[in-house]
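What follows is a single structure, written as structure tokens, with notes after it.
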Protein chains: 4
Amino acid sequence: MTTSTKREAQAQERRNQLIDVARRLFAEKGMERTSIRDIADAAGVAPGLIYHYFENKDALFWAIIERHNPLAEMTALFAQAETLPVREFMLLAATRGYALMGERQDLLRIVFHEALSRPEMLQRIRVLQQMGIALLVGYLNGRIAAGELRPHNAEATARMLVGSILALRLTGAPAEPYITDIIDNLLCGVAAP
Amino acid sequence: MTTSTKREAQAQERRNQLIDVARRLFAEKGMERTSIRDIADAAGVAPGLIYHYFENKDALFWAIIERHNPLAEMTALFAQAETLPVREFMLLAATRGYALMGERQDLLRIVFHEALSRPEMLQRIRVLQQMGIALLVGYLNGRIAAGELRPHNAEATARMLVGSILALRLTGAPAEPYITDIIDNLLCGVAAP
Amino acid sequence: MTTSTKREAQAQERRNQLIDVARRLFAEKGMERTSIRDIADAAGVAPGLIYHYFENKDALFWAIIERHNPLAEMTALFAQAETLPVREFMLLAATRGYALMGERQDLLRIVFHEALSRPEMLQRIRVLQQMGIALLVGYLNGRIAAGELRPHNAEATARMLVGSILALRLTGAPAEPYITDIIDNLLCGVAAP
Amino acid sequence: MTTSTKREAQAQERRNQLIDVARRLFAEKGMERTSIRDIADAAGVAPGLIYHYFENKDALFWAIIERHNPLAEMTALFAQAETLPVREFMLLAATRGYALMGERQDLLRIVFHEALSRPEMLQRIRVLQQMGIALLVGYLNGRIAAGELRPHNAEATARMLVGSILALRLTGAPAEPYITDIIDNLLCGVAAP
DNA sequence: CATGAATGAGGGTTCATTCAT
DNA sequence: AATGAATGAACCCTCATTCAT
């Protein structure tokens, strides 16, 4: 029992190691430019071993995705939304989103990269993204109902916010001053009074 | 003279055909998943011929990019910016940008895809993107000077606009009602008055 | 332990087999006219396997050279030079050199062939050749010092000897009577007394 | 008539140009590493034109060989052999041979290169070489009959001479002092008196 | 005489994957 | 659990050669 448990733990560790190594390499060079041998070398194991843990390269890819789901964290963040004024919370959420995309930047690259060339990927990505937007839309509509935001199409706002943050990351732009400016623009508008 | 011109014209035609075929395939499957043979087959041509027209696969890629450069059109659009009120022109520009990304959606996929995994591509693409943003920033600062927009960081606004439109395209969302809402949000803000 | 050793031994054997097969084919048709597939077929092996053992075709070439380096044997021969009179030793050395070029005739063909069209090969080969000549020059100068040969430019003699033997091999001439005649000519000259 | 003659002359010129260009390139990089396109580019013509003048690449190769036969010159040289003392003439012949191999060094490279990998080439080369040796043997036997050289196997001497000179060229060694030393060694021997 | 578009076989090489050990 | 030898298909690219113009 104990031994088998130890074995299992060891196996789990090895599995995670392979996932992490693969994530790094995939992010650096893209999935196709990363060979199984590259991964094996970087992990210090033989190429054959990878097939002991994953059916094939694609399965390894999905394992990476599954291991890093950012939705949980975002959900937690929105749960405490009510405790802050609108502007503060939006700043917080935007900053956190920006940071998250940074922490998982390699993942972001992988996902985007693959999503753009593999329809079945795109499908799975859109589901996630839809959930993110839904979270945001829910919050915004709550604020509208509370009279803190003027009545309007919340989905457009949500898309603006996500798109703007995403664009910052994609272009390598820094968080400040852009994030603050974005939120202020969004809240107050840029038209002359 | 006539003959040589005819020959040249034919060659140009063939070149364009190859570019178009490649564009389609690259967009469908990604550049790496598209083999030279795939392109040749789709064009009804021997694989070797492609190397008669393009030095290698990468050169073919850049030929695609060059053939469809949206910058010229955008520049022309901004040249007549003064003739319209702010809101009208921004709607027009956003709509045109959205449409352009649509017409060139396959191109967009290709460019994104490659940019994400090949630093030297990212470099060249950022140059283009920077020029687009500069165009927009120039316009916005003009409107600020004219007192039509309140003084603010125009670059943040430009990035919001581009990011928002891009996000629409990437998520497959329709132009309306989003574009109008986005422009209105941007101009007037979403905060309650 | 035993198993890994067996594996290693097997791998070494396979490596040597590939070297030998390649040596034969390279000698028969020249390196460029021999494809990796030719080698693989002749060895009864998949083409990819060759790249498991050698980085590329060139590396395979150098592996052939390294496996059959005649310098060690020649060095050993010259170590016992003192035990024989000049004429006997020179006959022995010439005969041994002729034999060696025969045993390695295919190698000779390969080396010459490549040396003639690839500067970087010529470079590496000249180093080897220089060492051979140096060996001979050292010996000759020793004999001059010992008063057995008249004082003269030993390098010219060394080059004559090597050139003469090489020419025999290149033209397919037999060892006898040429070698004896060559040595005698070299020692006594052909001028009438 | 005149026109056709002019045309013919022009054609002959073009033919020779192609031969010369090909000779240079073949010598530089070897025949296989030189493509028809390389030759065409260097000559400033279209690839197709080469096939107007030569059936294929091999025919072009043979045309090069035929255009540059060194035998005529050597025969002329030996015709005046009697006018000089042995040592002087042998020096002259050796020097001339060395020079010839230099002038035609590129040709030498080509011939050697191809001879080593193509049996039918080797055959043709050996015929030429045999004629060269025969020329030399005839001379040497004449000198022996005249009492200027001691009676001995002239063919061995001829092979020594040719081999020595060839080795100088192949190793890139300079003419002097080697040639003089070689002739002196050959005439007087290197043994202590 | 001259062009250069077009062919298609074959080159070296990479790589996901399998399997005996 | 782990190895690494072995496979074979596919890749990008080169090139001698042909032929309509």
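Throughout, protein chains are lettered first and strands after them, A, B, ... in sequence-line order, and every chain is numbered starting at 1. These numbers were taken from a predicted model, which means no experiment stands behind them.
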- Message: Base, sugar-phosphate or nothing for D:Ile36? Non-hydrogen atoms, less than 4.0 Å.
- Response: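 Base: the residue D:Ile36, judged by heavy atoms under 4.0 Å, touches a nucleobase.
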- Message: Over all strands shown, is D:Tyr53 touching base, sugar-phosphate only, or nothing at heavy-atom distances under 4.0 angstrom?
- Response: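 Contact class for D:Tyr53: sugar-phosphate only.
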- Task: Select one nucleotide: of E:dA16, E:dA5, F:dT3, the one nearest the side-chain heavy atoms of A:Ala46.
- Result: F:dT3
- Query: Hey, does B:Leu60 have a side-chain heavy atom less than 4.5 Å from the side chain of B:Glu55?
  - Reply: no
- Task: Between C:Arg14 and B:Asp58, just flag the one whose closest nucleotide in DNA chain F comes earlier from the 5' side.
- Result: C:Arg14
Just N and O in the side chain of [X]: are any of them under 4.0 Å from OP1 or OP2 of [N]?
X       : N      : answer
C:Ser35 : E:dG10 : no
D:His52 : E:dC1  : yes
A:Tyr51 : E:dT17 : yes

- D:Lys29/D:Asp38 ion pair, N-O < 4.0 Å: yes
- Using a strict 4.0 Å threshold on nitrogen-to-oxygen distance, state whether B:Arg67 and B:Asp20 make a salt bridge.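 Yes, B:Arg67 and B:Asp20 are salt-bridged.
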- Message: If you count heavy atoms of other groups shown closer than 6.0 angstrom to CZ of D:Arg37, is the number above 12?
- Response: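 Not buried by this count: 12 neighbours or fewer within 6.0 Å.
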- Message: Counting only Watson-Crick pairs (N1-N3 plus N6-O4 or O6-N4) and G-U wobbles (N1-O2, O6-N3), all under 3.5 Å, who is the partner of F:dA20?
- Response: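 Matched F:dA20 with E:dT3 under the 3.5 Å cut-off.
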- Query: Going by modelled atom types, is there a donor-acceptor pair between the base of E:dT3 and the side chain of B:Arg7 at under 3.5 Å?
  - Reply: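 Under the 3.5 Å cut-off, the side chain and the base do form a donor-acceptor pair.
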